[in-house]
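The chains referred to below are lettered A, B, ... by the order of the sequence lines, with proteins before strands, and numbering in each begins at 1.
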2 protein chains.
Amino acid sequence: MVTIPGPIDPPPRLLMGPGPISAYPSVLRAMSAPLVGQYDPFMTAAMAETQELYRGVWATSNAATLLVDGTSRAGIEAAMVSLIRPGDRVLVPVFGRFGHLLAEIAERAMAEVHTIETDWGQVFPPSVIEEAIVRVKPALLGLVQGDTSTTMNQPLDEIGAICSRHGVLFYSDATASLGGNDFEADAWGLDAATAGLQKCLGGPSGSSPITLSERAVAVIESRKKIEAGIREPGDPASPDFVRSNYFDLGMILDYWGPRRLNHHTEATSMLYAARECARIILLEGRDAVIERHRVAGAAMLAGVEALGLVVFGDVAHKMSNVVAVEIPEGVPGDIARAALLDDFGIEIGTSFGPLHGRVWRIGTMGYNARKDAVLTTLAALETVLARFGVAVPAGGGVDAATGVYAEAP
Amino acid sequence: MVTIPGPIDPPPRLLMGPGPISAYPSVLRAMSAPLVGQYDPFMTAAMAETQELYRGVWATSNAATLLVDGTSRAGIEAAMVSLIRPGDRVLVPVFGRFGHLLAEIAERAMAEVHTIETDWGQVFPPSVIEEAIVRVKPALLGLVQGDTSTTMNQPLDEIGAICSRHGVLFYSDATASLGGNDFEADAWGLDAATAGLQKCLGGPSGSSPITLSERAVAVIESRKKIEAGIREPGDPASPDFVRSNYFDLGMILDYWGPRRLNHHTEATSMLYAARECARIILLEGRDAVIERHRVAGAAMLAGVEALGLVVFGDVAHKMSNVVAVEIPEGVPGDIARAALLDDFGIEIGTSFGPLHGRVWRIGTMGYNARKDAVLTTLAALETVLARFGVAVPAGGGVDAATGVYAEAP
């Protein structure tokens with residue numbers, strides 16, 4: 001016999017890790033709105049509103065701005081399998097775990113994958129990327145903007161022009177960065193970009209915003225194949241079709257487009273969540289939200305430095321919304337994190353690969369890019385560090401962060 | 001400038017189509033619960049609870065019972081791409097649109113796809129499926145249980161034994177049927193089965209329950225390849241890897257399993273929804289819920305017949321939770337549906353392919369497998385039919401349905 005548990009009743013948590021983070025309360029409320037049918041005029045209007053809102057978030061006029069129904073890596077895979085033909089050369093500059101992920105997805109899409117690597121904690125100068133493009137001659141460049149595994153924020157502003165010069169499609173994964181750092185899809189010449197809700201956008205994982213340039217859409221359209229079950233005479237059925245049905249952006253675009261051709265059944269509650277994430281960001285103002293992240297990140301950085309913690313990586317290229325600090329000598333990293341969670345209800349993160357057990361990652365993003373969240377975390381962290389014998393200046397982290405807030409415009 | 005709309009505020013709808021349908025209120029409430037971190041002990045416990053609850057829903061003891069983060073076709077694609085090796089022969093008996101979908105997904109997974117077809121409105125006798133298996137010698141049989149496009153419910157109870165006799169993996173898509181019709185994963189010898197929340201389970205689209213037999217897991221494990229970014233020395237990296245990262249069930253199983261190896265970030269709010277769907281079904285009792293669907297379906301069937309509508313297909317093999325009726329001569333199908341929606345807030349469905357414009361599909365599923373929902377729909381339908389000049393017996397549909405409820409045990 002199955003023991004039937006009670007209704008879901010999560011403990012209170014202040015999520016100050018690298019994501020997921022605590023969602024905006026209005027996003028949680030949006031998900032409890034009643035469902036409507038997938039072709040209800042209200043639903044198609046909500047889909048169109050969501051597209052327009054994300055054009056604002058991505059800073060784009062791309063018609064093909066929509067959601068992929070899945071977590072952030074669903075968006076990554078949809079972009080890559082739809083744009084990459086088997087055998088295509090793909091270049092992935094790797095500066096952390098998510099560069100490896102892009103390379104792996106490209107490999108599974110049967111691309112000829114070329115990577116360049118830099119040390120974790122660094123980013124690539126545009127010239128190094130251009131040199132690799134000249135050498136590899138890829139069909140597509142896949143470049144993570146913010147790699148949470150290292151906290152680095154790869155500058156993208158010059159990359160689109162480089163790609164354009166060499167006839168390369170430019171795709172970026174902005175999951176960890178979008179909404180908390182500048183991102184200019186059109187001005188920077190992106191052909192495709194994807195994200196997730198669970199970082200700076202302040203929602204739950206499970207919906208992946210994506211935007212595609214006209215050039216990207218042309219590639220996708222050239223490979224289009226409409227399902228046999230709903231295909232009409234004259235509908236395309238390219239032999240060069242995408243090797244996934246779920247991630248075939250040609251069909252997903254038809255579902256979101258004027259023809260509203262059935263593909264999946266849109267994840268209505270996640271659409272409501274995604275719409276609300278974008279809505280409240282644009283209500284506050286996209287630039288104001290990015291600035292709020294900048295200040296919260298600067299305050300947390302000042303705070304952890306004042307506690308004597310050593311910051312990992314190239315701070316000049318850090319994302320605003322997350323900082324990695326070396327775990328002090330003698331402190332058991334996971335036990336200290338558990339103490340923060342159990343005694344204060346505050347979550348901070350560990351890391352992956354070469355940084356596992358070496359750094360903690362502390363986030364200030366979305367709803368939690370807030371002064372009270374920053375100060376509370378610093379106060380609790382000070383207590384836990386002291387408990388493990390680290391010499392910390394009493395109130396030092398909170399004072400330093402308060403100072404940053406006092407000076408913020 | 002983007003015009004920023006207000007918070008999501010859907011109109012009241014009674015969703016009596018083929019799905020999505022109105023979610024249980026407690027499922028909507030579950031989704032507004034606060035988020036926790038993906039490795040929070042509360043989260044991993046909620047994942048384990050959800051697995052155990054779905055073992056009850058599927059009637060299985062399969063350890064590999066979990067969720068795929070996406071809509072129901074995400075579950076289908078995960079099952080098929082993880083079980084099918086490129087070049088494998090796959091047999092798909094097609095009796096509606098979703099058979100075509102399974103064939104299409106198998107084709108994109110580079111299988112050698114063989115189909116057998118029967119007329120829409122019919123199901124296959126097991127002997128016909130066995131003959132095809134003997135002829136084709138497939139590695140996998142992909143068989144829809146309930147195809148909403150035709151309302152048919154393919155009997156599966158003898159198919160597992162047939163597959164076992166011939167060494168064929170047996171996969172079924174139970175999206176439209178699970179929870180409203182009998183399904184016995186273990187007793188019927190299923191190797192893989194997938195579903196979605198938006199039909200009889202009474203939740204929103206966006207999470208796909210899946211269960212896998214030990215035999216299926218062995219195939220998946222033999223193809224395992226752990227991502228470069230988190231791979232440890234000695235971890236598997238099979239050259240026969242699955243051509244999708246997102247749908248590689250080997251990695252998804254590691255995320256849900258004791259090693260908790262990071263893959264995607266679990267869609268927390270959808271997990272809460274999926275957990276609640278299964279929880280309230282088991283609280284009411286799985287058999288009681290199936291019986292509730294049986295009675296609601298019988299009442300709706302009696303009602304539409306009493307209104308003089310002609311039921312489509314082999315009624316003896318209809319799913320409990322949906323009925324298709326021919327649109328009466330002279331009634332503009334889509335205009336009549338719009339009248340039901342606009343004047344009564346009730347949605348019924350159209351259909352696909354050869355049935356488009358020929359039948360309406362009326363559902364009685366999940367939360368809406370209820371007497372008041374059935375009677376309200378029949379009363380409104382009578383009014384709309386009369387408005388378009390159809391001779392309907394006053395109160396006839398409601399009376400017939402009430403009679404079925406009066407006789408129900």
Side-chain angles (χ1 to χ4, degrees), chain A residues 2 4-5 7-8 10-11 13 15 17 20 22-23 26 28-38 42 49 52-53 56 69-71 73-74 77 97 100-101 104-105 108 198 204-206 227-230 243-246 264-270 272 275-276 279 282-283 347 352-353, chain B residues 2 4-5 7-8 10-11 13 15 17 20 22-23 28-38 42 46 49 52-53 56 69-71 73-74 77 97 100-101 104-105 108 198 204-206 227-230 243-246 264-270 272 275-276 279 282-283 347 352-353:
Chain A
V2 177
I4 301 174
I8 197 85
R13 296 293 193 225
L15 300 178
S22 318
S26 74
L28 296 178
R29 285 196 298 274
M31 280 186 289
S32 65
L35 303 183
V36 297
Q38 63 175 325
F42 178 85
E49 282 169 359
E52 186 60 16
L53 289 166
D69 282 8
T71 71
R73 72 170 61 194
E77 187 157 321
R97 177 186 166 197
H100 285 300
L101 176 64
E104 141 116 17
I105 291 174
R108 294 196 188 224
Q198 75 275 17
S205 174
E227 271 173 51
I230 57 171
R243 297 295 173 183
S244 166
N245 172 293
Y246 195 73
H264 60 285
T265 296
E266 184 59 17
T268 314
S269 304
M270 288 307 304
Y272 293 171
R275 176 185 179 280
E276 183 66 9
R279 197 182 76 82
L282 297 189
L283 265 183
E347 181 180 272
F352 301 109
Chain B
V2 177
I4 300 172
I8 199 83
R13 295 294 193 227
L15 300 179
S22 318
L28 296 178
R29 283 195 299 273
M31 278 186 290
S32 66
L35 304 183
V36 296
Q38 63 175 325
F42 179 85
E49 283 169 358
E52 186 59 18
L53 289 165
D69 281 9
T71 73
R73 72 170 60 196
E77 188 157 323
R97 178 188 166 196
H100 285 299
L101 176 63
E104 141 115 18
I105 291 174
R108 293 196 189 224
Q198 74 276 17
S205 173
E227 270 172 52
I230 56 170
R243 297 296 174 185
S244 167
N245 172 293
Y246 195 73
H264 61 284
T265 296
E266 185 59 16
T268 314
S269 304
M270 288 307 304
Y272 293 171
R275 177 186 178 280
E276 184 66 9
R279 197 183 76 82
L282 298 190
L283 264 183
E347 181 181 272
F352 302 109

Determine whether [X] and [Y] make a side-chain contact, defined as any pair of heavy atoms from C-beta on separated by less than 4.5 Å.
X: A:Ser205; Y: B:Leu35; answer: no
X: B:Pro7; Y: A:Arg29; answer: no
X: A:Ser244; Y: B:Glu77; answer: yes
X: A:Tyr272; Y: B:Pro204; answer: no
X: B:Tyr246; Y: A:Ile105; answer: no

Exercise. Side chain from CB out, backbone as N, CA, C, O: work out which of these in B:Ala46 comes under 4.5 Å of a heavy atom of chain A, or both, or neither.
Key: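 Side chain of B:Ala46 only, per the 4.5 Å heavy-atom cut-off to chain A.
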Discussion item. Quick check on B:Ile8 against chain A: is it the side chain, the backbone, both or neither that has a heavy atom closer than 4.5 Å?
Written reply: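 The answer is both parts of B:Ile8.
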| message | Taking every non-hydrogen pair under 4.5 Å, which of B:His264, B:Arg275, B:Glu276 racks up the most with chain A? | response |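 Most heavy-atom pairs under 4.5 Å with chain A: B:Arg275.
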Specify which of B:Glu49, B:His100, B:Arg243, B:Gln38 makes the most heavy-atom pairs with chain A at under 4.5 Å.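 So the answer, after comparing B:Glu49, B:His100, B:Arg243, B:Gln38, is B:Arg243.
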| said: When you measure from the side chain of A:Arg279 to the backbone of B:Pro5, do you find a donor-acceptor pair of N or O atoms at a distance under 3.5 Å? | reply: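 Looks like yes, one N/O pair under 3.5 Å.
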query = Looking at A:Gly17, A:Gly37, A:Ala23, which has the largest count of heavy-atom pairs under 4.5 Å with chain B?
reply =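 Of the candidates given, the most pairs with chain B belong to A:Gly37.
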What's the separation between atom CD in B:Glu227 and atom CZ in A:Arg108, rounded to the nearest 0.5 Å?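 B:Glu227 CD to A:Arg108 CZ: 7.0 Å, rounded to 0.5 Å.
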